[in-house]
Amino acid sequence: MNDKQLKRQRRHKRVRARIRGTARVPRLCVFRSNKHIYGQLIDDEKGRILLSAKDLEIKKLPKGKVAIAKEVGKLLAKKAIEKKYKKVVFDRGGYKYHGRVKALAEGAREGGLKF
């Protein structure tokens, strides 16, 4: 693994030491690769993924990675509200709160999630 990935994993461990998701208030975890972006709602008490959303599920993709990330956030919020989750804890996954990660969070907020 390269140095950049190791630093992100260290940051993620540090953030995860303070953040816990429960059945009532799950953790919204973000993972981004060079091509795709994923969001999951996780219950850490049981160790289960409650629901997930990814850019591959969106039929009409907008232009640009940031716009796609915002749509993934909206899709995740829509799925969460259908399953009666209104409040979440945001886990940026060791990434900077900037660009695609920020766009996903803003899309989830626009979709109705509180965090």
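Position 1 is the first residue of the sequence, and the numbers go up from there. Here the structure is a predicted model, which means the values were calculated and not measured. All values below were derived from every heavy atom in this structure, side-chain atoms included, with hydrogens, water molecules and symmetry-related copies excluded.
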Next on the checklist: Please determine whether residues Val72 and Leu56 belong to a single hydrophobic cluster, defined as Ile, Leu, Val, Met, Phe, Trp and Tyr linked transitively by side-chain heavy-atom distances below 4.5 Å.
Outcome noted: no
Checklist entry - Between His12 and Asp91, is a side chain to side chain contact (heavy atoms under 4.5 Å, CB included) present by the stated rule, with each step listed? => result CA-CA 9 Å; His12 187 55; Asp91 175 13; 3.3 Å; yes
Item to check | Nearest atoms (heavy-atom pairs only) where Ala77 meets Gly112 | outcome: CB-N, 4.3 Å
Next on the checklist: Do Val30 and Leu51 sit in one hydrophobic cluster, given that two such residues count as connected whenever their side-chain heavy atoms are within less than 4.5 Å of each other, even indirectly?
Outcome noted: yes
Item to check | Minimum side-chain heavy-atom gap Tyr85-Leu28 below 4.5 Å | outcome: no
Checklist outcome for this item: Separation between CZ (Arg8) and CG (Asp3), nearest 0.5 Å, reads 13.5 Å
Checklist entry - Does the side chain of Pro26 come within less than 4.5 Å of Val88's, by heavy atoms? => result yes
Checklist entry - Residues two or more places apart in sequence or in another chain: which of them pass salt bridge (Lys or Arg N to Asp or Glu O under 4.0 Å) with Lys86? => result none
Item to check | Short side-chain to backbone donor-acceptor contact, Tyr95 and Arg32, under 3.5 Å | outcome: yes
Checklist entry - Other hydrophobic cluster members with Val15, side-chain heavy atoms of Ile/Leu/Val/Met/Phe/Trp/Tyr under 4.5 Å, chained? => result Ile19, Val25, Val89
Checklist entry - Apart from Ile49 itself, which Ile, Leu, Val, Met, Phe, Trp or Tyr residues share its cluster (side-chain heavy atoms under 4.5 Å, direct or through members)? => result Ile42
Checklist entry - Hey, quick one: are Phe31 and Leu50 part of the same hydrophobic cluster, counting side-chain heavy atoms closer than 4.5 Å, chains of contacts allowed? => result yes
Checklist entry - With distance as the sole test, does Arg14 use its side chain to make a donor-acceptor pair with the main-chain N or O of Gly94 at under 3.5 Å? => result no
Checklist outcome for this item: Smallest heavy-atom separation, Gly39 atom then Leu76 atom, equals O-CD1, 3.8 Å
Next on the checklist: For the CG atom on Asn2, are there more than 12 heavy atoms of other groups (residues, nucleotides or ligands in this structure) within a distance under 6.0 Å?
Outcome noted: yes
Next on the checklist: For a quick test of reading the model, state the closest non-hydrogen atom pair linking Phe115 to Ala105 and the distance between them.
Outcome noted: CZ-O, 3.5 Å
Item to check | Interatomic spacing from OG1 in Thr22 to CD in Glu45 - rounded to 0.5 Å | outcome: 5.5 Å
Checklist entry - Hey, what do you get for OH (Tyr97) to CG (Leu104), rounding to the nearest 0.5 Å? => result 9.5 Å
Next on the checklist: Can you give me the closest heavy-atom contact between Ala69 and Ala103, atom names plus distance?
Outcome noted: CB-CB, 4.1 Å
Next on the checklist: Tell me the closest heavy-atom pair linking Leu41 and Ala80, and the distance in Å.
Outcome noted: CD1-CB, 3.6 Å
Item to check | Listed once per pair and sorted, the salt bridge (Lys or Arg N to Asp or Glu O under 4.0 Å) pairs that draw on residues 101-115, sequence neighbours left out | outcome: Lys70-Glu110, Lys74-Glu110
Next on the checklist: Per the side chain to side chain donor-acceptor pair (under 3.5 Å) rule, what does the pair list look like for residues 49-68, sequence neighbours excluded?
Outcome noted: His36-Asp55, Glu57-Lys79
Item to check | Which residues share a salt bridge (Lys or Arg N to Asp or Glu O under 4.0 Å) with Asp44, sequence neighbours left out | outcome: Arg16, Arg27
